Asker: 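Let me begin by handing over the structure; questions about it come next.
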Amino acid sequence: MAGPEIERLVQLLARLPGLGPRSARRAVLHLLRKKDALMLPLADSLAETAERIVPCTTCGNLDSQDPCAICCDTRREETLLCVVESVADLWALERSGSFRGRYHVLGGTLSALDGVAPADLNIDSLVRRVTEGMGAIREVILATNVTVEGQTTAHYISDRLSGTGIAISRLAHGVPVGGELDYLDDGTLNTALKARRPL
Amino acid sequence: MHWSDTGIVLSARRHGETSLVVTLLTEGHGRHTGLARGGAGKLGRALYQPGNELSCTWSGRLAEHLGNWKVEARRLWTADLLDDPLRLSALSAACSLIDAALPEREPHPALFGATQILLQALTGDEAHWPEIYVRWEVGLLTELGFGLDLSQCAATGATTNLTHVSPKSGRAVSADAALPYGKKMFRLPAFLAGGRGGAPANDPQADIRDGLALTGFFLDSHIFHPHQRKPPPARQRFVERFGMTSTISGI
């Protein structure tokens, strides 16, 4: 039987996404075997991250500085604002390297099931950011997920921003790169057909 | 035990990292919940969107268990509605109303059929889909045992010129009998009166707004208020999209 410290560590690790009790036990054993090379640096890194990382008061991104590095980066286009549901979505877009504007993280979507109302999301701050930006923002890209909740949130934001005169766009829906038509679901095919464009 | 049926997705809540707890409105088994293993994956997420129609098989060791879903797509209605805010909000309102109001595991085949018709109207070119939505809410009230009696006047027994509905009894009232009650009565939209009502409103949207006010009041007073609950926010958002400002119309 392991000691209480190890049991506690296993319990905590088992609460992480992708890990269950069995894999948490394996991770703990691995960490204990590589104490100096992995466990202590990991502990230091966790403590440092917990202490220093804060949400950006401008966009909601997570960074060690406030405003975050993206909001402070003067090389980025100030006129483009991409609205995403979560920091994970922001990271996904950053990984793609195709967007050089600024972001706004909503912190979720409107959800009747989970009781998430507009006041629970960073929508008011988005509207303030757009309207009080002295005309700096010219286009808002709504990059919410293609789900009922994601699109309902996008339509709600679009309504809230409709009087500002700012261009509002959304990401395209349709066939993914490398997607074979035979394997796509009917809904995606319908959407792709609707959003077809001339060659 | 296990059974197979046709179901419409009402809601899907994440369970762990890969699974969903999915509630379907099934034709023969009513509102039924089960676990969809792997439902949060790339393929499952497209299927388990509210409004999609699926062929489903529920299996569990005992009938009272949560059980597991195995599903196949029949008609993915939702994808057609994602770009239309009003129709999408109507779909969300309908799904969340059923989810919130209907008792679990009680068959309502008529409501299932009506919901299929509503989905067809929402995804088609049907211009009168808001009327169909209001009729669907009237049907939901009937299925739950609180049907409106719009066949004759509650006060005089007249079967013509029915223009209002009493908020107390849920019965139709003729224009003459409603006159003394001022703004205390709901206006009965002409399309709900089935030829026994007055003339349709000049503004086509006004009839819809009156219909939504009528059903909204009875849904709240009969279904949600007695349980200290509020109607689902999705319905409120749908009503707001119609620019509804008042709940009781004048005579």
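Treat the numbers as computed from the prediction; the structure is a model and nothing was measured. Just so it is clear, the values below take in all heavy atoms, side chains as well, and ignore hydrogens, waters and symmetry mates. Residue numbers begin at 1 in each chain, while the letters A, B, ... track the order of the sequences.
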Asker: What residue among L82(B), D84(B), T78(B) forms side-chain contact (heavy atoms from CB on, under 4.5 Å) with Q151(A)?
Answerer: L82(B)
Asker: So does H222(B) have more than 12 non-hydrogen atoms from other groups sitting under 6.0 Å from NE2?
Answerer: yes
Asker: Any chance CZ of R52(A) has more than 12 other-residue heavy atoms, nucleotides or ligands included, within less than 6.0 Å?
Answerer: no
Asker: Please name all residues satisfying side chain to side chain contact (heavy atoms under 4.5 Å, CB included) with Q120(B), sequence neighbours left out, ordered by chain then number.
Answerer: W77(B)
Asker: Is the number of heavy atoms from other residues, nucleotides or ligands within 6.0 Å of CZ (R105(B)) greater than 12?
Answerer: yes
Asker: Near R37(B) CZ, under 6.0 Å, is it more than 12 heavy atoms from other residues, nucleotides or ligands?
Answerer: no
Asker: Side-chain contact test, heavy atoms from C-beta onward, threshold under 4.5 Å: evaluate it for S92(B) versus V148(A) and give yes or no.
Answerer: yes
Asker: For H225(B), does the NE2 atom have more than 12 heavy-atom neighbours from other residues, nucleotides or ligands under 6.0 Å away?
Answerer: no
Asker: Less than 4.5 Å to any heavy atom of chain A: does that hold for the side chain of P50(B), its backbone, both, or neither?
Answerer: both
Asker: So which heavy atom on T191(A) is nearest to which on A79(B), and how close?
Answerer: OG1-CB, 3.8 Å
Asker: Counting only heavy atoms not in E104(B), do more than 12 fall under 6.0 Å of its CD?
Answerer: yes
Asker: Show the nearest heavy-atom pair for residues D83(B) and R170(A), with the distance to one decimal.
Answerer: OD1-NH2, 2.9 Å
Asker: What part of A46(B) gets closer than 4.5 Å to chain A, counting heavy atoms only: side chain, backbone, both or neither?
Answerer: side chain
Asker: Check whether T147(A) gets within reach of chain B through its side chain, its backbone, both or neither, counting any heavy atom under 4.5 Å.
Answerer: both
Asker: More than 12 non-hydrogen atoms from neighbouring residues, nucleotides or ligands closer than 6.0 Å to CZ on R8(A), yes or no?
Answerer: no
Asker: Using non-hydrogen atoms and a 4.5 Å limit, figure out which bit of A12(B) sits close to chain A: side chain, backbone, both or neither.
Answerer: backbone
Asker: Between E17(B) and P17(A), what is the shortest heavy-atom contact and its length?
Answerer: OE2-C, 3.0 Å
Asker: Which atoms of D159(A) are under 4.5 Å from chain B, going by heavy atoms: the side chain, the backbone, both sets, or neither?
Answerer: side chain
Asker: For A192(A), check side chain to side chain contact (heavy atoms under 4.5 Å, CB included) against everything at least two apart and list the hits.
Answerer: V175(A)
Asker: Can you tell me how far apart CG (D186(A)) and CG (L76(B)) are? Round to the nearest 0.5 Å.
Answerer: 5.0 Å
Asker: Which of the residues R235(B), R75(B), R237(B), R45(B) is involved in the greatest number of heavy-atom pairs with chain A at under 4.5 angstrom?
Answerer: R237(B)
Asker: Could you look at L19(A) and say if it's the side chain, the backbone, both or neither that has a heavy atom under 4.5 Å from chain B?
Answerer: backbone
Asker: Show the nearest heavy-atom pair for residues L88(B) and H155(A), with the distance to one decimal.
Answerer: CD2-CD2, 3.7 Å
